[in-house]
Engineer: 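Input: one structure, supplied below.
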Amino acid sequence: MFIDSHCHLVYKGLVEQQADVLARARAAGVTEMLNISTRESEWDAVVGVAEREPDVWASIGIHPHEADAHPDVDTAKLVERARHPRVVAIGETGLDYYYDHSDRDQQRLSFRAHIAASRETGLPLIVHTREAEDDTAAILGEEMTKGIFPGVIHCFTASDAFADIALNLGFYISISGIVTFKNAGDLQQTATRLPEDRLLIETDSPFLAPVPHRGKPCEPAFVGDTARFLANLRGTSVEQLGETTSANFRALFTKTKGPLLGKPAI
C-alpha cells in the first residue's frame, strides 16, 4: 500500500535491528523503501541492503552536513557508483544553513556536483534544504538552464513560495511525519494544496517519528501513520493516497521500473 521514499536503514537505531525493522514495515503494508546515503563510508552498506532485499532501493550521495569531509566526492565519483543496478537516486544533497556543520561554499560546490551527476545519469536528485531556501532555489534554477534533471524536495518544511518554485521546476515534494506535529500548521496548509501527481511520502527514519510514535526511533512501518494523517488532511482515502504516492514514486524513480530509456546504462 505504501512506499517509504526516504529512510536511513544503516543509521543507529535501525541497523541494530534491521531484519525486524524490515519485517515490521512489510507487515504494515510498506511494499518498497528507498535507503538513503549521506556519507561515502555508508555507500557499501546502503547498497548492500538493496542487494539483499528486493523491496529496498539505494541512493548515492553526500549530505550537506558532510560536505567539508568529502571534498573529493565529485560528479565522476557519484556517477560511477550510481551505475549499480540497485542505485536509483543521487543524494541526499543540498544546503543546510541551520546547523552550518559544513562551510556554505563547500555545501554549494557539493550540491552542484550532485546536480551534474543527476543530469548525467538521469537519476533523480534528492534535495535537503533547511534555512537555505533562497540559495537552494537559485542554484536549482540556474542549474536547470544547463539541462533539466528530475528531483524531489525531501522532508518538506519550507515555505509555500518555495513549494511553488520547486513545482515549477518539475520537482516532486515529499512529506514526512512532521506534518502530524501539533505545531506544523503551515506545513499542513501547504500539504493540502500540493498537486496529487507530485506528492510523495517518507519517514526519514530513524528521525521524526509521526504521531502517535513521538519519542520513539522512527522506522519505515510508520509511513502509514503519515499517510493516514495526510489523506484525512487532503480529504481522500488512505488507500487512494497510498496508490497515488506509489505511482508517483515509480514515475520519479524510473530505474525502479527498469533501464532508463535514452540514458547511460547504469
Side-chain angles (χ1 to χ4, degrees), residues 1-63 66 69-70 72-93 113-114 117-118 120-126 128 150-152 154 174 200-207 217-223 245-246 248-261 263-266:
M1 183 181 294
F2 310 114
I3 296 179
D4 184 356
S5 67
H6 193 113
C7 58
H8 300 278
L9 296 173
V10 302
Y11 268 30
K12 183 179 179 181
L14 297 185
V15 69
E16 305 90 339
Q17 50 172 335
Q18 194 176 91
D20 291 339
V21 166
L22 292 173
R24 288 192 291 270
R26 293 159 184 156
V30 180
T31 59
E32 295 176 64
M33 292 153 268
L34 178 48
N35 191 20
I36 306 297
S37 65
T38 59
R39 55 181 72 89
E40 189 175 9
S41 61
E42 295 171 356
W43 289 358
D44 288 344
V46 167
V47 172
V49 177
E51 289 175 331
R52 293 192 305 271
E53 308 292 343
D55 52 358
V56 178
W57 302 97
S59 79
I60 292 294
I62 303 298
H63 193 284
E66 302 291 333
H70 295 81
D72 60 329
V73 175
D74 58 7
T75 297
K77 183 174 283 191
L78 293 164
V79 169
E80 178 59 31
R81 291 304 300 263
R83 295 184 185 280
H84 192 284
R86 300 296 294 175
V87 174
V88 302
I90 302 294
E92 66 186 279
T93 181
H114 284 73
S118 173
E120 183 171 340
T121 61
L123 297 181
L125 187 76
I126 300 173
H128 168 109
V152 56
H154 108 88
S174 183
L200 296 176
I201 51 176
E202 64 170 91
T203 59
D204 203 12
S205 311
F207 312 110
C218 190
E219 55 184 80
F222 299 167
V223 75
T245 53
S246 295
N248 292 343
F249 180 89
R250 291 259 180 255
L252 177 60
F253 299 102
T254 54
K255 197 172 172 182
T256 64
K257 300 187 293 186
L260 290 173
L261 299 178
K263 297 294 182 182
I266 53 178

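The first residue in the sequence is number 1, and the count goes up from there.
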Engineer: For residues His128 and His154, determine if any side-chain heavy atom of one lies less than 4.5 Å from a side-chain heavy atom of the other.
Structural biologist: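 The answer is yes, as the side chains (C-beta and beyond) meet within the 4.5 Å cut-off.
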
Engineer: What distance separates Ile90 CD1 from His114 NE2, expressed to the nearest 0.5 Å?
Structural biologist: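 Taking CD1 in Ile90 and NE2 in His114, the distance rounds to 7.5 Å.
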
Engineer: Would you find a donor on one side and an acceptor on the other, under 3.5 Å apart, between the side chain of Ser59 and the backbone of Gly91?
Structural biologist: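 Yes: the side chain of Ser59 pairs with the backbone of Gly91.
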
Engineer: Which distance, rounded to the nearest 0.5 Å, do you find between the CH2 of Trp57 and the OG of Ser5?
Structural biologist: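 OG of Ser5 is found 14.5 Å from CH2 of Trp57.
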
Engineer: Does Phe253 reach the side chain of Leu200, with side-chain heavy atoms less than 4.5 Å apart?
Structural biologist: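 Yes - at least one pair of side-chain heavy atoms lies under 4.5 Å apart.
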
Engineer: Could you tell me which non-hydrogen atom of Thr203 sits nearest to which non-hydrogen atom of Cys7, and how far apart they are?
Structural biologist: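 The answer is OG1-CB, 3.8 Å.
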
Engineer: Under the salt bridge (charged side-chain N to carboxylate O under 4.0 Å, His left out) rule, collect the residues that match up with Arg26, sequence neighbours excluded.
Structural biologist: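 With neighbours one apart ignored, the set is Glu53, Asp55.
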
Engineer: Start with the C-alpha gap between Met1 and Thr31, add the side-chain angles, then the distance that decides, and say whether side chain to side chain contact (heavy atoms under 4.5 Å, CB included) holds.
Structural biologist: CA-CA 6 Å; Met1 183 181 294; Thr31 59; 5.8 Å; no

Engineer: Go through the steps for Val73 and Leu78 under the test side chain to side chain contact (heavy atoms under 4.5 Å, CB included), then give the verdict.
Structural biologist: CA-CA 7 Å; Val73 175; Leu78 293 164; 3.9 Å; yes

Engineer: Quick check for you: to the nearest 0.5 Å, what is the distance between Leu34 atom CG and Asp4 atom CG?
Structural biologist: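 Leu34 CG to Asp4 CG: 8.5 Å, rounded to 0.5 Å.
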
Engineer: Does some side-chain heavy atom of Arg81 sit less than 4.5 Å from a side-chain heavy atom of Asp44?
Structural biologist: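 When only atoms from C-beta onward are counted, Arg81 and Asp44 do touch, with a gap below 4.5 Å.
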
Engineer: With the side chain counted from C-beta on, respond yes when Ile36 and His8 share a heavy-atom pair under 4.5 Å apart, and no when they do not.
Structural biologist: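 Yes, at least one pair of side-chain atoms sits under 4.5 Å.
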
Engineer: Enter the distance from Arg83:CZ to Leu123:CG here, rounded to the nearest 0.5 Å.
Structural biologist: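 The CZ atom of Arg83 sits 10.5 Å away from the CG atom of Leu123.
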
Engineer: Which atom pair, heavy atoms only, marks the closest approach of Ile62 to Glu40?
Structural biologist: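 Here Ile62 and Glu40 meet closest at CD1-N, 3.5 Å.
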
Engineer: For a side chain to side chain contact (heavy atoms under 4.5 Å, CB included) check, start with the C-alpha distance between Val47 and Ile60, then their side-chain angles and the critical distance, and finish with the verdict.
Structural biologist: CA-CA 8 Å; Val47 172; Ile60 292 294; 4.1 Å; yes

Engineer: Compare every heavy atom of Ala221 with every heavy atom of Val30, then report the nearest pair and how far apart it is.
Structural biologist: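 Nearest pair, atom of Val30 first, then Ala221: CG2-CA, 4.3 Å.
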
Engineer: Measure from the side-chain N and O atoms of Lys255 to the backbone N and O of Val87, and report whether any donor-acceptor pair falls under 3.5 Å.
Structural biologist: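 Yes; judged by distance alone, with no hydrogens or angles, the pair exists.
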
Engineer: Output yes when a side-chain donor or acceptor of Ser118 lies under 3.5 Å from a complementary backbone atom of Pro124, and no otherwise.
Structural biologist: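 Not confirmed, Ser118 side chain does not pair with Pro124 backbone.
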
Engineer: Just so I know, are the side chains of Arg24 and Gln17 near enough to count as touching, which here means a heavy-atom distance under 4.5 Å?
Structural biologist: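 Yes, side chains in contact.
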
Engineer: First locate atom CD of Glu92, then atom CD of Glu66, and finally report the distance between them rounded to the nearest 0.5 Å.
Structural biologist: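 CD of Glu66 is found 10.0 Å from CD of Glu92.
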
Engineer: Are the side chains of Ser205 and Leu9 in touch, meaning some heavy atoms are under 4.5 Å apart?
Structural biologist: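 Ser205 vs Leu9: side chains apart.
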
Engineer: Kindly give the heavy-atom pair with the smallest separation between Phe207 and Cys218, and that separation in Å.
Structural biologist: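 Shortest heavy-atom separation between Phe207 and Cys218 comes out as O-CB, 3.0 Å.
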
Engineer: Below 4.5 Å, heavy atoms only, C-beta onward: do Met33 and Leu22 meet side chain to side chain?
Structural biologist: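 Result yes, sub-4.5 Å side-chain heavy-atom pair found.
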
Engineer: For Val56 and Asn35, work out which heavy atoms get closest and say how close.
Structural biologist: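 Smallest heavy-atom distance, with atoms named: CG1-CB, 3.8 Å.
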
Engineer: Please report the shortest heavy-atom distance between Pro217 and Gly13, naming the atom on each side.
Structural biologist: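 For Pro217 and Gly13, the tightest heavy-atom pair comes out as CB-O, 4.5 Å.
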
Engineer: Using a 4.5 Å cut-off on heavy atoms from C-beta on, say whether the side chain of Lys77 contacts that of Trp43.
Structural biologist: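 Trp43 vs Lys77: side chains touch.
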
Engineer: Could you state the interatomic distance from OG1 (Thr245) to CZ (Arg250), rounded to the nearest 0.5 Å?
Structural biologist: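 If we round to the nearest 0.5 Å, Thr245:OG1 and Arg250:CZ are 11.5 Å apart.
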
Engineer: With His70, which residues qualify under ring-ring contact (aromatic ring centres under 6.0 Å, His included), at least two apart?
Structural biologist: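 In terms of ring-ring contact (aromatic ring centres under 6.0 Å, His included), with neighbours along the sequence ignored, His70 is linked to no residue.
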
